[in-house]
Amino acid sequence: MKAAVLIRTGAPEQAFELQNLPDPIINQPTQVRIDVTAFGLNFADVVARLGQYQDCPPLPAVIGYEVVGIVESVGSAVKDISVGQRVVAFTRFGGYASQVVTDMAAVVPINDMDTGIAAALCTQYTTAYFAAEYITQLHAGEHVLVQSAAGGVGTALVQLAKRRGCIVYGTAGSDAKCEHLKTLGVDIPINYSQQHFADAIKKIAPDGKIDVIFDAVGGDAVRKGIGVLAAGGRMVCYGAASMSDRSRNPFKTVGKALAFGIYHPAQFMMSSRSLLGVNMLRIADQRPQVLRHCLQEVIRLAKEGVLRPVVDGIYPIADLAEAHNRLENRKTIGKVVIKW
Ligand SMILES: NC(=O)c1ccc[n+]([C@@H]2O[C@H](COP(=O)([O-])OP(=O)(O)OC[C@H]3O[C@@H](n4cnc5c(N)ncnc54)[C@H](OP(=O)(O)O)[C@@H]3O)[C@@H](O)[C@H]2O)c1
């Protein structure tokens, strides 16, 4: 098989190398081998490339969380998935390859669904579904802030919150992205380069407080977000994009970590607010059926037209470095996909 192997950290032009590797082998009866037609990029891939992702396997490594392709062979105990079926599948790393082996629990048939949409539904929409439907209940009329709302997970969170009848505030880093947010249904787009989101909430939201925040920026966005959370409010943390940069200065890193704030559980109890964390790798490891359920649900909702993923672009494998640079430099809107 071919694979884009992460051989070193740093700029994507030097970090990835296209290599021929032995085909992966089915060694468990519940595994499925897939001929990959396309794989999705996620922001975590950028963090891994920068050498800042603690779950990333030691280099050289094949990273990547999701593929779209055709089932090539199945293990003896595989049920409901057959050779020749078109599927989307989670990979626990290993996705940047022309062939993958993964467990049947991570594979869902997609028939003729668009490749970019199927890839978007995998990690990004499943994460959003887990955060907004599984661990949090959104109620009609609640005021909900989605940080980085034009991104892959952000787009999904906006659509899930609108589906529940929430008033959605969405942040993005440019006017162009804020214009896009309006088309997604965001009620109050906030260009954070012009206005701090906490100031916008203090000015616009009832009593200057918000009910739910979905945050993958991290650092002081969490601390300031908790500062504008209403009683009954939920802060859902699922990432720390602000901590990922090419600087290797340990003092800067510690400073950014401290910017999150330091909390005691009693604070949350006394103010009746909640802090929730999401790490889908832990869910994949410990509750694979929950992951599968979330993926099946977002595929169902997409087929019904309730969820409408936005695809930034589908790039040939030769443009992997360009696609990575766009994602790192905040140029993307929605899902980025690479095809073989
Ligand atoms: N916990 C989990 O299991 C899990 C699963 C999936 C994703 N995630 C996290 O969710 C976040 C979104 O992932 P995604 O794949 O959907 O990516 P994405 O949102 O499509 O792209 C990242 C976006 O984050 C924003 N951003 C804010 N601060 C940034 C910074 N310092 N550097 C770069 N971008 C910054 C940028 O949008 P603006 O220009 O609008 O600021 C950028 O476009 C990431 O932090 C990712 O690690 C976590």
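Just so we're clear, the structure is a prediction, and the values are computed from it rather than from any experiment. Both counts, for ligands and for their atoms, begin at 1 and track the order of listing.
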* Asked: Which pair of heavy atoms, one from Ile135 and one from Gly277, lies closest together, and at what distance?
  ->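 So the two residues come closest at CD1-O, 4.4 Å.
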* Between Tyr169 and His143, how do the two ring planes meet: parallel, tilted or perpendicular, split at 30° and 60°? ->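 Tyr169 vs His143 ring planes: tilted.
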* To do: Check the angle between the aromatic planes of His293 and Tyr129 and answer parallel, tilted or perpendicular using the 30° and 60° thresholds.
  => perpendicular
* Tyr96 ring center within less than 6.0 Å of Phe16 ring center -> yes
Report, one line per pair, each donor and acceptor closer than 3.5 Å where one atom sits in a side chain of residues 106-118; sequence neighbours left out.
residue	atom	partner	partner atom	Å
Asp114	OD2	Gly116	N	3.0
Asp114	OD2	Ile117	N	3.0
Thr115	OG1	Arg86	NH2	3.0

* Structure fact -> Those residues with a heavy-atom separation under 4.0 Å from ligand 1 are Asn42, Phe43, Gln124, Thr127, Ser148, Gly151, Gly152, Val153, Ala172, Gly173, Lys177, Tyr192, Ala216, Tyr238, Ala241, Ser242, Val278, Asn279, Met280, Leu327, Glu328, Arg330
* To do: Would you give the length of the straight line joining atom CD1 of Ile317 to atom CH2 of Trp340, rounded to the nearest 0.5 angstrom?
  =>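 Ile317 CD1 to Trp340 CH2: 4.0 Å, rounded to 0.5 Å.
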